[in-house]
Enquirer: 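Okay, handing you the structure first.
Note that the structure is a prediction, hence the values are computed from the model and not measured.
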Amino acid sequence: MAARLAFLARPRLVSLLISSPSLFQSNLRPFRSPLLPSLSTHSHRRRIRTARMAHTDTLGLTKPANVDPPKIAFSAKEVDLLEWKGDILAVGVTEKDMAKDENSKFENSILRKLDTRLGGLLAEASAEEDFTGKAGQSTVLRLPGIGSKRISLIGLGQNGSSGNSYRALGEAVATAAKSAQASKVAVALASAEILSADVKLSTASAIASGTLLGFFEDNRFKSESKKLPLQSVEIIGLGNGPDVEKKLKCAGDISSGIIFGRELVNAPANVLTPAVLAEEASKIASTYSDVFTAKILDVEQCKELKMGSYLGVGAASANPPHFIHLCYKPPSGPVNAKLGLVGKGLTFDSGGYNIKTGPGCLIELMKFDMGGSAAVLGAAKALGQIKPLGVEVHFIVAACENMISGTGMRPGDIVTASNGKTIEVNNTDAEGRLTLADALVYTCNQGVEKIVDLATLTGACIVALGPAIAGVFTPSDELAKEVLGASEVSGEKFWRMPLEESYWESMKSGVADMVNTGGRQGGAITAALFLKQFVDEKVQWMHIDMAGPVWNEKKRAATGFGVSTLVEWVLKNGSSST
């Protein structure tokens, strides 16, 4: 990732891949010094034993605990809120819903009905708590008189009409459930009757997604973790039947992909090596073998494909590169669209010889430099469960580490990408684009019509858009419309940025076809222009710089950004799912 990048992340894995000895030995050469000739054979054998040991036990002997994800059953029902029995009845309310008449009675029919049964205590307690329905407000009250042990009012803001409002409602429900150690929860809206049938479906989906993601805690690397008892969430008043049940299942499938992406980014670099990332990808293919195949290329196979740009980045690390290719094909029917999803997969980025130093370099967080690959693989996991028809998808990750050693790439070196273009490396910390170059060439060769790549690529994009918004670069208005439309459904934030061709002047080299980084000004744009050199002109292409939203600094954890939008985009390009 480029210097001064400010972003973060987190992930999930259970076992470690033990690479074959031949892979290790291909990267280990006997030490042949004319000054120390007697050390060569002994040193070579010792280094092989050390390398094998390194992959048997992680550095620091850290292994993630095998934590089972929470199994929460979601259902949609039409029942009387007063008679529902469980631990928490959560009601989403807008500021308008909290309006009262001259007798201090709720004007909203649902709240008035609840308050009447509770003898006016709901109105009284909410007033004492100064609860007005503003977004972010919530209160949990233990009031006798209805079937539920507790009632929670959760603010949706002025109108609460967006998907993000309902996802936030779900997150607040999860927080209340954890605090109360609840096992059975119901969620309703005070004004559900004003929603159309389609909006009710998307609202139920958003509430389920928010609850699942809000309930998730990554405790794999903690010595102790408590088991949370939540077992069921019933969504009341938003319809029932097969349509809403299908929506709830899809929400669960996408959420599982987001959680997987979070776990991948959260995992430390001493656990999530390129080999382990490749193994996690292979597990997706084996779990959903009816629609997925996997191909993992080793160093020698990448050499045969002339991936000099990618291999140059990984040359310094004791953990060899692994090039990941998953292919999704629908379980039946014709293929109407072929798509490529490419994710940057730097499992750790030291910066190389242009090492990350000084305040703000974030070297301690460079485990999240594989956030793009986490988004791509998280989307793969979700799609393996949804199984959309009519679309073929190739998931590509050039996984490696950017480290420092005598075998590493130096500033001033020239590397040759698999399309024959030469690159003068004027900054080893602009390494992500070098790996993506060969990944993009490879993806184009799979016959895809559209490619979206995602990368924690530049600090410049964070400076421009802040920590919550990803930058979008594409010459295709059609593709921009598709992906930005998908983001409106997912609730993730993107902003289209210019591809200013005149900026390419700063990327020209005197001795090669190009350099790998230009000046400080417009750094996110020149990075995108660099990637464009490795995409076939016949292929629609988009680059997403997700350096900011990959990490939540407040929670000090990964967000799973990108998974939901990618899944929605693939579904829009396919036909109905099975």
Enquirer: Got a second to check how far Tyr353's OH is from Thr428's OG1, nearest 0.5 Å?
Expert: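 One gets 9.0 Å once the value is rounded to the nearest 0.5 Å.
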
Enquirer: So how far is it from Asn336 CG to Leu389 CG, rounded to the nearest 0.5 Å?
Expert: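 So the gap between those two atoms works out to 9.5 Å.
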
Enquirer: Could you check whether Lys532 pairs with Glu501 (Lys NZ or Arg NE/NH1/NH2 to Asp/Glu carboxylate O, under 4.0 Å)?
Expert: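 Glu501 and Lys532: salt-bridged.
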
Enquirer: Just do the side-chain hydrogen bond (donor to acceptor under 3.5 Å, both in side chains) check on Ser487 and Glu492 with the steps written out, would you?
Expert: CA-CA 5 Å; Ser487 74; Glu492 294 179 322; over 6 Å; no

Enquirer: What residue among Phe292, Phe395, Tyr442 forms ring pair (Phe, Tyr, Trp, His ring centres under 6.0 Å) with His325?
Expert: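 Option passing the ring pair (Phe, Tyr, Trp, His ring centres under 6.0 Å) with His325: Tyr442.
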
Enquirer: With Thr347 as reference, evaluate Val271, Asp369, Leu277 under the side chain to side chain contact (heavy atoms under 4.5 Å, CB included) test and give the passing residue.
Expert: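 Single pass found, and it is Leu277.
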
Enquirer: Are Cys327 and Glu392 side-chain neighbours, meaning at least one heavy-atom pair lies under 4.5 Å?
Expert: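 Answer yes - side chains close enough.
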
Enquirer: Check this for me: does any side-chain nitrogen of one of Lys344 and Asp453 sit under 4.0 Å from a carboxylate oxygen of the other?
Expert: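 No.
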
Enquirer: Taking atom CG of Leu566 and atom CG of Leu383, what is their separation to the nearest 0.5 Å?
Expert: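 CG of Leu383 is found 8.5 Å from CG of Leu566.
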
Enquirer: State, yes or no, whether a side-chain contact exists between Arg496 and Thr474 at a heavy-atom distance under 4.5 Å.
Expert: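 Yes - at least one pair of side-chain heavy atoms lies under 4.5 Å apart.
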
Enquirer: Tell me if a side-chain donor or acceptor on Asp298 pairs with a main-chain N or O of Gln301 at a distance below 3.5 Å.
Expert: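 Yes, Asp298 side chain to Gln301 backbone: donor-acceptor pair under 3.5 Å.
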
Enquirer: Dump the intermediate steps for side-chain contact (heavy atoms from CB on, under 4.5 Å) on Val511 and Ile414, then the final yes or no.
Expert: CA-CA 9 Å; Val511 292; Ile414 295 176; 3.9 Å; yes

Enquirer: Do Ile258 and Leu213 make a side-chain contact, defined as non-hydrogen atoms from C-beta onward lying under 4.5 Å apart?
Expert: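 Sidechains of Leu213 and Ile258: in contact.
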
Enquirer: Flag the pair Thr416 / Ser309 as yes when at least one side-chain heavy-atom distance between them is below 4.5 Å, and no otherwise.
Expert: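 Side-chain contact under 4.5 Å: no.
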
Enquirer: Any sub-3.5 Å donor-acceptor pair from Lys306's side-chain atoms to Ala417's backbone N or O?
Expert: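 No; zero donor-acceptor contacts below 3.5 Å.
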
Enquirer: Whether the side chain of Ser317 engages the backbone of Pro320 through a donor-acceptor N/O pair (distance < 3.5 Å, no angle test) should be reported.
Expert: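 Looks like no, no N/O pair under 3.5 Å.
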
Enquirer: From Leu454 CG over to Leu436 CG, what is the distance, rounded to the nearest 0.5 angstrom?
Expert: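 Separation between the atoms: 9.5 Å.
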
Enquirer: Verify, without hydrogens or angle tests, whether Lys508 (side chain) and Glu505 (backbone) share a donor-acceptor contact under 3.5 angstrom.
Expert: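 Pair absent, no side-chain N/O of Lys508 close to backbone of Glu505.
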
Enquirer: Is it true that the side chains of Thr559 and Asn552 contain a donor and an acceptor less than 3.5 Å apart?
Expert: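 There is no such pair between these side chains.
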
Enquirer: Between Pro388 and Tyr328, what is the shortest heavy-atom contact and its length?
Expert: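 Looks like O-OH, 2.5 Å.
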
Enquirer: Are any of the side-chain heavy atoms of Asp290 and Tyr288 separated by less than 4.5 Å?
Expert: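 Asp290 reaches Tyr288 side chain to side chain.
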
Enquirer: Please find the pair of heavy atoms, one from Phe534 and one from Cys444, that lie closest to each other, and give the distance.
Expert: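 Nearest pair, atom of Phe534 first, then Cys444: O-SG, 4.4 Å.
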
Enquirer: Between Asn426 and Met514, is any pair of side-chain heavy atoms under 4.5 Å apart?
Expert: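 Side chain of Asn426 against side chain of Met514, heavy atoms only: no contact under 4.5 Å found.
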
Enquirer: Would Ser256 and Gln385 count as a side-chain hydrogen bond (donor to acceptor under 3.5 Å, both in side chains) if you check the C-alpha gap in whole Å, the side-chain angles of each, and the deciding distance to 0.1 Å?
Expert: CA-CA 10 Å; Ser256 73; Gln385 299 169 77; 2.8 Å; yes

Enquirer: Give a yes or no on whether Glu537 atom CD has more than 12 heavy-atom contacts from other residues, nucleotides or ligands under 6.0 Å away.
Expert: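 Counting neighbours around CD of Glu537, 12 or fewer heavy atoms of other residues, nucleotides or ligands fall under 6.0 Å, so no.
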
Enquirer: If you take all heavy atoms of Ala382 and Val567, which pair is closest and at what distance?
Expert: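 Closest approach of Ala382 to Val567: CB-CG2, 3.9 Å.
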
Enquirer: Quick one: are Ile254 and Ile386 in side-chain contact, heavy atoms under 4.5 Å?
Expert: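 Counting from C-beta outward, Ile254 and Ile386 do come under 4.5 Å.
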
Enquirer: Run Ser418 and Asp438 through side-chain hydrogen bond (donor to acceptor under 3.5 Å, both in side chains) and show every step you take.
Expert: CA-CA 6 Å; Ser418 47; Asp438 282 325; 2.7 Å; yes

Enquirer: What heavy-atom pair brings Val472 and Met542 nearest, and what distance separates the two atoms?
Expert: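 Result for this residue pair: CG1-CE, 3.4 Å.
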
Enquirer: Would you check if the side chain of Asn573 reaches a backbone N or O of Ala337 as a donor-acceptor pair within less than 3.5 Å?
Expert: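 No: the side chain of Asn573 does not pair with the backbone of Ala337.
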
Enquirer: If you measure from the Lys or Arg side-chain nitrogens to the Asp or Glu carboxylate oxygens, is any gap between Asp349 and Lys356 under 4.0 Å?
Expert: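 A salt bridge links Asp349 with Lys356.
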
Enquirer: Restricting to non-hydrogen atoms, name the atom on Leu377 and the atom on Ala281 that form the minimum distance, rounded to 0.1 Å.
Expert: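 Answer, listing the atom of Leu377 first, then Ala281: CD2-CB, 4.0 Å.
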
Enquirer: Parallel, tilted or perpendicular: which describes the rings of Trp541 and His543, with under 30° parallel and over 60° perpendicular?
Expert: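 Because their plane-to-plane angle is under 30°, the rings of Trp541 and His543 count as parallel.
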
Enquirer: Under a 4.0 Å N-O cut-off, is there an ion pair linking Lys450 with Glu482?
Expert: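 Salt bridge between Lys450 and Glu482, a charged N being under 4.0 Å from a carboxylate O: yes.
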
Enquirer: Please report the shortest heavy-atom distance between Phe260 and Glu280, naming the atom on each side.
Expert: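 Of all heavy-atom pairs spanning Phe260 and Glu280, the closest is CE1-OE1, 3.6 Å.
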
Enquirer: Measure the NZ-CD1 distance between Lys493 and Ile469 for me, rounded to the nearest 0.5 Å.
Expert: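 These two atoms lie 6.0 Å from each other.
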
Enquirer: Val313 pairs by side chain to side chain contact (heavy atoms under 4.5 Å, CB included) with which of Val425, Leu434, Val415?
Expert: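 By the side chain to side chain contact (heavy atoms under 4.5 Å, CB included) criterion, Val313 pairs with just one of Val425, Leu434, Val415: Leu434.
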
Enquirer: Could you walk me through whether Ile259 and Phe215 satisfy the side-chain contact (heavy atoms from CB on, under 4.5 Å) test, starting with their C-alpha distance in whole Å, then the side-chain angles of each, then the deciding distance to 0.1 Å, before giving a yes or no?
Expert: CA-CA 11 Å; Ile259 288 171; Phe215 201 72; over 6 Å; no

Enquirer: Could you go through Leu531 and Leu440, starting from their C-alpha distance and side-chain angles, then the distance that decides it, and tell me whether this counts as side-chain contact (heavy atoms from CB on, under 4.5 Å)?
Expert: CA-CA 8 Å; Leu531 297 179; Leu440 288 167; 4.0 Å; yes

Enquirer: Main chain of Ala278, side chain of Ser282: is a donor-acceptor contact present, judged purely on distance under 3.5 Å?
Expert: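 It does hold such a pair.
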
Enquirer: Any side-chain heavy-atom pair from Asn402 and Met366 closer than 4.5 angstrom?
Expert: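 Not touching, per the 4.5 Å side-chain cut-off.
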
Enquirer: Just by distance, do the side chain of Thr565 and the backbone of Ala486 share a donor-acceptor pair under 3.5 Å?
Expert: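 Answer holds: no.
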
Enquirer: Ignoring hydrogens and angles, state whether a donor on the side chain of Ser405 or Thr407 is under 3.5 Å from an acceptor on the partner side chain.
Expert: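 Indeed, the side chains of Ser405 and Thr407 share at least one donor-acceptor pair under 3.5 Å.
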
Enquirer: Would you find a donor on one side and an acceptor on the other, under 3.5 Å apart, between the side chain of Glu424 and the backbone of Ser509?
Expert: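 No; zero donor-acceptor contacts below 3.5 Å.
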
Enquirer: Evaluate side-chain contact (heavy atoms from CB on, under 4.5 Å) for Val391 paired with Val335, printing each intermediate quantity in order.
Expert: CA-CA 5 Å; Val391 62; Val335 170; 5.9 Å; no

Enquirer: Just by distance, do the side chain of Asn219 and the backbone of Glu224 share a donor-acceptor pair under 3.5 Å?
Expert: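 Side chain of Asn219 to backbone of Glu224, a donor-acceptor pair under 3.5 Å: no, none is there.
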
Enquirer: Is the distance between the ring centroids of Phe494 and Phe561 under 6.0 Å?
Expert: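 Yes, they do, as the ring centres are separated by less than 6.0 Å.
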
Enquirer: Within the side chain of Asp545, is there an N or O that forms a donor-acceptor pair under 3.5 Å with the backbone of Thr458?
Expert: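 Indeed, once roles are kept as given, a pair shorter than 3.5 Å links the two residues.
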
Enquirer: When rounded to the nearest 0.5 angstrom, what is the spacing between CG in Asn270 and CG in Leu59?
Expert: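 Spacing of CG (Asn270) from CG (Leu59) equals 5.5 Å.
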
Enquirer: Does Tyr503 OH have over 12 foreign heavy atoms under 6.0 Å away?
Expert: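 Counting other residues, nucleotides and ligands, OH of Tyr503 stays at 12 neighbours or fewer.
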
